[in-house]
Amino acid sequence: MEIFDEDIQLMLRFQNGEEHCFEKLVERHRDRVFNITYRYLGNYQEAEDTAQEIFIKIYNARNTYKPEAKFTTWFYTICKNACLNKLRNKKPATVSIDSTIELQENTVASQIKDSQAQSPLDSMLNNEKSLIVKKAIDSLLPNQKMTVILCRYDHLSYEEIAKVMGCSVKAVKSLLHRAMINLKENLADYFNK
Amino acid sequence: MNCRKVKKLLVPLLEGDLSKKNKEKVESHINVCIHCQKERELLSKSWQMLDSYVTPKLKDNFTANLMQKIHSEHAKIVKVTYKSAQFRFWRLVPVLASFLIMLFAGSLIWKKRMNKELISKIANNAPQEVVTTVKDEDIIRDLDLYESVDLIKNYKLVSELEVIENLNNQF
């Protein structure tokens with residue numbers, strides 16, 4: 001990932017006291033971080049709070065970063081740990097109605113904004129599909145979910161995922177295999193309609 | 001290759017993580033097995049369907065809010081550190097005060113005890129002669145003074161007597 005070479009430079013400059021470099025880093029990665037947290041937690045407010053926590057952690061841990069370590073590994077490890085901690089501390093009985101409504105509103109709004117050519121029917125179908133996928137991903141186990149997100153949406157290699165997750169490449173393949181089987185079972189109803 | 005083995009290899013097949021030999025074997029089985037064909041199709045579709053997961057857009061003021069939060073948290077930490085330092089200082093004040101009081105009382109008691117010891121030591125062990133001498137000296141000095149004072153008091157009388165005596169001598 002070439003974009004991360006510039007991140008190393010920004011991080012080193014930030015370590016030397018150039019605070020505006022941190023702001024640049026935030027601007028570059030805010031959407032990436034938010035997408036991970038949102039896909040992992042499934043709630044807009046929690047995802048935004050966690051994204052903020054991740055950047056605060058990066059801000060506070062600036063001195064622990066060494067340029068020898070790959071920025072992606074360091075960056076995604078912080079994201080993964082923050083998400084897992086948030087999920088661990090999450091109350092079991094969370095109200096999902098609000099988040100669903102919120103998702104519907106936001107999804108519809110962004111879809112209309114992004115693709116003006118889409119008909120309302122297409123938009124509605126996509127929205128429905130998005131909700132089904134969200135539900136299917138939410139039902140995965142925490143480690144499976146993170147592996148799927150890193151592999152499917154952030155396009156990290158098995159080796160990179162293994163480093164982030166702190167396990168072997170074989171374990172990553174196994175996690176991904178089980179996740180795919182679970183997703184297939186969760187989405188089977190939609191395909192069998 | 002049987003269906004059970006092929007099912008296990010379907011995910012690596014979709015991920016392109018199979019050896020050429022195994023890939024050929026799996027594909028040749030899928031071509032003849034409708035059940036495994038359907039299984040692969042479902043897996044492939046569900047994996048592709050993940051693309052349709054649309055995430056909401058993050059607020060524009062996210063970075064500004066974040067920077068504000070970082071700065072306020074930093075200020076809070078500094079304030080808490082100052083407050084805790086202040087608290088620690090005020091908490092030490094009674095301890096220090098009681099320590100000083102105890103030190104003062106202790107020194108008084110020690111001083112008193114030392115005086116007592118010194119007096120008893122002087123009374124028991126010090127040579128009597130010195131004290132006597134001192135007393136004698138005092139007495140002698142006092143007597144001298146007394147005499148001098150008497151002399152001064154009777155100075156007129158003495159001088160008159162001397163004058164009379166001188167006159168007597170002349171006559």
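These figures come from a predicted structure and were not determined experimentally. Note on naming: letters A, B, ... go to the chains in the order of the sequence lines (proteins, then strands), and numbering restarts at 1 for each one.
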Are any side-chain N or O atoms of B:Ser46 and backbone N or O atoms of A:Leu183, one a donor and one an acceptor, separated by less than 3.5 Å?
no

Look only at the side chain of A:Tyr44 and the backbone of B:Lys57, and say whether a donor-acceptor pair between them is shorter than 3.5 Å.
yes

How close do A:Met180 and B:Val11 get, counting heavy atoms only, and between which atoms?
SD-CG1, 3.2 Å

Give the member of A:Lys184, A:Lys173, A:Glu185 that has the highest number of heavy-atom pairs under 4.5 Å with chain B.
A:Lys184

Mind ranking B:Leu14, B:Leu58, B:Leu42 by heavy-atom pairs under 4.5 Å with chain A and telling me who comes out on top?
B:Leu58

What is the minimum heavy-atom distance between A:Ser130 and B:Ser52, and which atoms define it?
CB-O, 3.3 Å

With a cut-off of 6.0 Å (strictly less than), are more than 12 heavy atoms of other residues, nucleotides or ligands near CD1 of B:Ile34?
no

How many angstroms lie between CD1 in A:Ile56 and NZ in B:Lys69, if you round to the nearest 0.5 Å?
4.5 Å

Any Lys/Arg nitrogen of B:Asp51 or A:Arg152 sitting under 4.0 Å from an Asp/Glu carboxylate oxygen of the other?
yes

Can you confirm whether more than 12 heavy atoms, excluding those of A:Glu18, are under 6.0 Å from its CD atom?
yes

Hey, any chance A:Leu175 and A:Tyr158 share a hydrophobic cluster, counting ILVMFWY side chains that come within less than 4.5 Å of each other, even indirectly?
no

Stepwise side-chain contact (heavy atoms from CB on, under 4.5 Å) test for A:Leu187 and B:Trp47:
CA-CA 10 Å; A:Leu187 296 169; B:Trp47 195 238; over 6 Å; no

Atom pair NZ/CG of A:Lys134 and B:Leu50 - distance to nearest 0.5 Å
14.0 Å

Honestly, the part of B:Lys45 sitting under 4.5 Å from a heavy atom of chain A is both

Measuring from A:Asn35:CG to B:Thr55:OG1, what's the distance to the nearest 0.5 Å?
3.5 Å

Minimum heavy-atom separation for A:Ile181 and B:Leu43, please, with both atom names.
N-CD2, 4.4 Å

In the single-linkage hydrophobic clustering (I, L, V, M, F, W, Y; side-chain heavy atoms under 4.5 Å), do A:Val169 and A:Leu176 co-cluster?
yes

Of the backbone (N, CA, C, O) and the side chain (C-beta and beyond), which part of B:Ile70 lies under 4.5 Å from a heavy atom of chain A, both, or neither?
side chain

Could you check if a side-chain atom of B:Leu66 sits within less than 4.5 angstrom of a side-chain atom of A:Tyr59, using non-hydrogen atoms only?
no

A:Lys163 atom NZ, neighbour heavy-atom count above 12 within 6.0 Å:
no

Please determine whether the number of non-hydrogen atoms from other residues, nucleotides or ligands lying under 6.0 Å from atom NZ of B:Lys38 exceeds 12.
no

Nearest 0.5 Å please: distance from the CZ atom of A:Arg30 over to the OG1 atom of B:Thr63.
4.5 Å

For A:Ala136, which atoms come within 4.5 Å of any heavy atom of chain B: side chain, backbone, both, or neither?
neither

How long is the gap from CD on A:Glu19 to CE on B:Met67, to the nearest 0.5 Å?
5.0 Å

Describe, in one word, how the ring planes of A:Tyr153 and B:Tyr53 are oriented to each other, choosing from parallel (under 30°), tilted (30 to 60°) and perpendicular (over 60°).
perpendicular

